[in-house]
Protein chains: 2
Amino acid sequence: MQVTEENSGADRRVGIIETSTELFLKNGYSGTSMSKIAAACGITKASLYHHFAGKEELFVACVTHGYSAALVALEEIASRSGPTAEDKLRAALSALYETIISSPVGRMSPLIAEVSRMFPTVARSFHTEYIEPQQALLWRIIDQGVENGTFLKVDERQIFHLIFGPIVMLSLSREMFASFDDLDTHFPVLQLRDGHIDAILGMMKAKSDA
Amino acid sequence: MQVTEENSGADRRVGIIETSTELFLKNGYSGTSMSKIAAACGITKASLYHHFAGKEELFVACVTHGYSAALVALEEIASRSGPTAEDKLRAALSALYETIISSPVGRMSPLIAEVSRMFPTVARSFHTEYIEPQQALLWRIIDQGVENGTFLKVDERQIFHLIFGPIVMLSLSREMFASFDDLDTHFPVLQLRDGHIDAILGMMKAKSDA
DNA sequence: GTCTATACAGTGATAGAC
DNA sequence: GTCTATCACTGTATAGAC
């Protein structure tokens with residue numbers, strides 16, 4: 001980050017969080033040492049430990065830092081009063097792709113998986129503070145459509161399985177095969193996204209034929 | 001593994017691979033040191049390095065070791081001549097769930113993601129030696145159904161996005177939230193699997209309504 | 001709040017005797 | 001093939017001066 005302006009207190013914390021988020025994304029959790037983080041921030045390790053009690057706490061701060069933006073975006077969509085339930089669901093799914101593929105939180109998902117195995121605390125907080133609220137917001141939109149008669153009645157866990165699965169895998173794939181030079185050929189975001197959204201909506205509106 | 005019988009040469013290698021696979025699954029890649037592996041195998045580090053040139057090579061051996069069983073299972077299904085394309089696809093998808101959720105290879109997917117970021121070589125070999133053959137086999141089944149007239153014509157990448165997404169995410173979720181005591185409530189394999197398979201087949205057989 | 005200096009456990013990996 | 005012993009290094013984390 002490099003200290004170029006007068007930034008003190010909380011600003012410094014945010015700076016550290018953003019810098020270390022980049023490093024975590026680039027080199028993984030274990031691949032990112034406190035020394036490297038300190039160096040990238042232009043301070044020493046000791047100073048870094050003054051701001052964060054340890055590596056685990058710093059990582060949690062990085063993840064948490066990204067929650068809010070993603071959740072408020074979804075919240076905003078869920079609260080719109082103009083559009084139909086279908087349009088809102090489409091917008092919500094697009095937002096999920098945007099979040100998981102492009103934002104730091106989303107791109108960190110493979111990392112969060114890695115760290116969650118080591119620290120169950122991280123797993124629990126990630127689930128209750130991010131996944132559950134996110135699914136609750138999405139469910140509000142779906143449920144509204146169901147009561148509307150727009151959507152078929154569906155099982156909650158089942159539909160989330162089908163919605164989040166492809167999104168998460170795409171994010172995971174793009175991270176793990178980031179070294180491929182034909183990455184976008186193998187994993188074209190927009191194309192896969194649009195097909196997925198159409199499939200989901202096709203399913204939710206389909207007349208039962210079984 | 002502990003040496004209880006006369007096992008020499010290649011047997012010893014396999015023993016090490018199986019032991020270290022367990023450790024990798026339990027503690028992650030960075031969380032598993034060569035010392036711990038050696039100790040668990042009842043040998044010293046130096047002996048371990050006699051069998052494997054390094055940690056990375058050992059890990060690749062673990063992953064590769066699991067390929068074959070999974071691929072031959074799928075190969076067997078694709079080559080059946082009796083059942084309809086639909087039944088074969090159902091069997092193949094069930095097998096994929098079985099592989100990814102229960103077998104070491106599948107359960108290692110979060111790990112493979114972690115290691116692939118660090119070693120592009122691993123990413124490349126995993127893709128060409130496992131993912132591509134697997135998708136080719138699955139495509140053979142689908143394509144047969146399409147020529148049959150059983151299935152609609154679908155885009156290859158698109159359908160793989162919808163098929164593998166939920167499976168991979170389920171595997172990832174179950175690993176990262178393994179510490180939850182209500183794991184099976186949140187992520188019930190059989191139920192999610194059956195719903196997913198029905199959804200895929202419903203989609204592939206659906207009359208176009210768009 | 002930041003620094004210098006350091007403690008100290010653990011890492012992957014190797015040399016050379018048996 | 002396995003051992004003992006050791007390498008050079010990095011990891012997280014802390015003490016205490018400024």
Side-chain angles (χ1 to χ4, degrees), chain A residues 1-21 23-24 26-63 111 114-115 117-119 121-122, chain B residues 1-21 23-24 26-63 111 114-122:
Chain A
M1 84 205 201
Q2 295 300 3
V3 185
T4 49
E5 305 176 20
E6 295 179 20
N7 46 4
S8 54
D11 286 354
R12 175 60 53 92
R13 258 184 76 100
V14 174
I16 294 174
I17 286 176
E18 285 167 356
T19 302
S20 43
T21 297
L23 290 179
F24 280 134
K26 202 171 188 175
N27 306 105
Y29 182 79
S30 316
T32 305
S33 68
M34 294 296 267
S35 314
K36 285 180 191 164
I37 293 173
C41 291
I43 57 176
T44 61
K45 261 191 297 184
S47 300
L48 180 56
Y49 274 95
H50 171 77
H51 292 283
F52 298 93
K55 191 181 179 181
E56 183 187 344
E57 185 186 301
L58 173 55
F59 180 77
V60 171
C62 290
V63 176
L111 264 167
E114 176 190 350
V115 180
R117 253 199 332 262
M118 303 162 55
F119 307 108
T121 327
V122 176
Chain B
M1 80 203 201
Q2 295 301 3
V3 185
T4 50
E5 306 175 20
E6 294 180 21
N7 47 2
S8 56
D11 285 354
R12 176 59 55 92
R13 259 184 75 99
V14 173
I16 294 174
I17 286 177
E18 285 168 356
T19 303
S20 45
T21 298
L23 289 179
F24 280 135
K26 202 170 186 175
N27 305 108
Y29 182 79
S30 316
T32 305
S33 68
M34 294 297 267
S35 315
K36 285 180 191 166
I37 293 174
C41 292
I43 56 175
T44 62
K45 256 194 301 183
S47 300
L48 180 56
Y49 273 94
H50 172 76
H51 292 282
F52 297 93
K55 190 180 177 182
E56 183 186 346
E57 186 186 301
L58 173 54
F59 179 78
V60 171
C62 290
V63 176
L111 263 167
E114 176 190 349
V115 179
S116 289
R117 254 199 333 262
M118 302 160 59
F119 307 109
T121 325
V122 176

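Every chain is numbered from 1 and lettered A, B, ... according to where its sequence line falls, protein lines coming before strand lines. Note that the structure is predicted; figures quoted are calculated from it, not measured.
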Between [N] atom [atom2] and [X] atom [atom1], what is the distance in whole Å?
X: A/Met118; N: D/dT12; atom1: CE; atom2: C1'; answer: 12 Å
X: A/Leu48; N: C/dT4; atom1: CG; atom2: C1'; answer: 16 Å
X: A/Glu56; N: D/dG11; atom1: CD; atom2: C1'; answer: 16 Å
X: A/Ile37; N: D/dT10; atom1: CD1; atom2: P; answer: 17 Å
X: B/Phe52; N: D/dG1; atom1: CZ; atom2: C1'; answer: 14 Å
X: A/His50; N: D/dC18; atom1: NE2; atom2: C1'; answer: 15 Å

Tell me whether the OP1 or OP2 atom of [N] has a side-chain N or O from [X] closer than 4.0 Å.
X: B/Thr44; N: D/dT2; value: no
X: B/His51; N: D/dT2; value: yes
X: B/Ser47; N: D/dC3; value: yes

A/Cys41 backbone acceptor or donor facing A/Thr19 side chain under 3.5 Å: no

B/Thr32 side chain vs B/Leu23 backbone, donor-acceptor pair below 3.5 Å: yes

Note, A/Val60 side chain near A/Val115 side chain (heavy atom, < 4.5 Å): no

Side chain to side chain contact (heavy atoms under 4.5 Å, CB included) partners of B/Lys45, counting only residues at least two apart: B/Met34, B/Ser35, B/Ala38

Among D/dT4, C/dA13, D/dA15, the one nearest B/Tyr49 by side-chain distance: C/dA13

Every protein N/O within reach of nucleotides 7-11 of chain C N/O, cut-off under 3.5 Å:
residue : atom : partner : partner atom : Å
C/dT11  : OP1  : B/Ser33 : OG           : 3.3

Nearest-0.5 Å distance, CD of residue A/Glu114 to OH of residue A/Tyr29: 9.0 Å

Sequence neighbours excluded - side chain to side chain donor-acceptor pair (under 3.5 Å) pairs with any residue from residues 46-55 of chain B: B/Thr44-B/Ser47

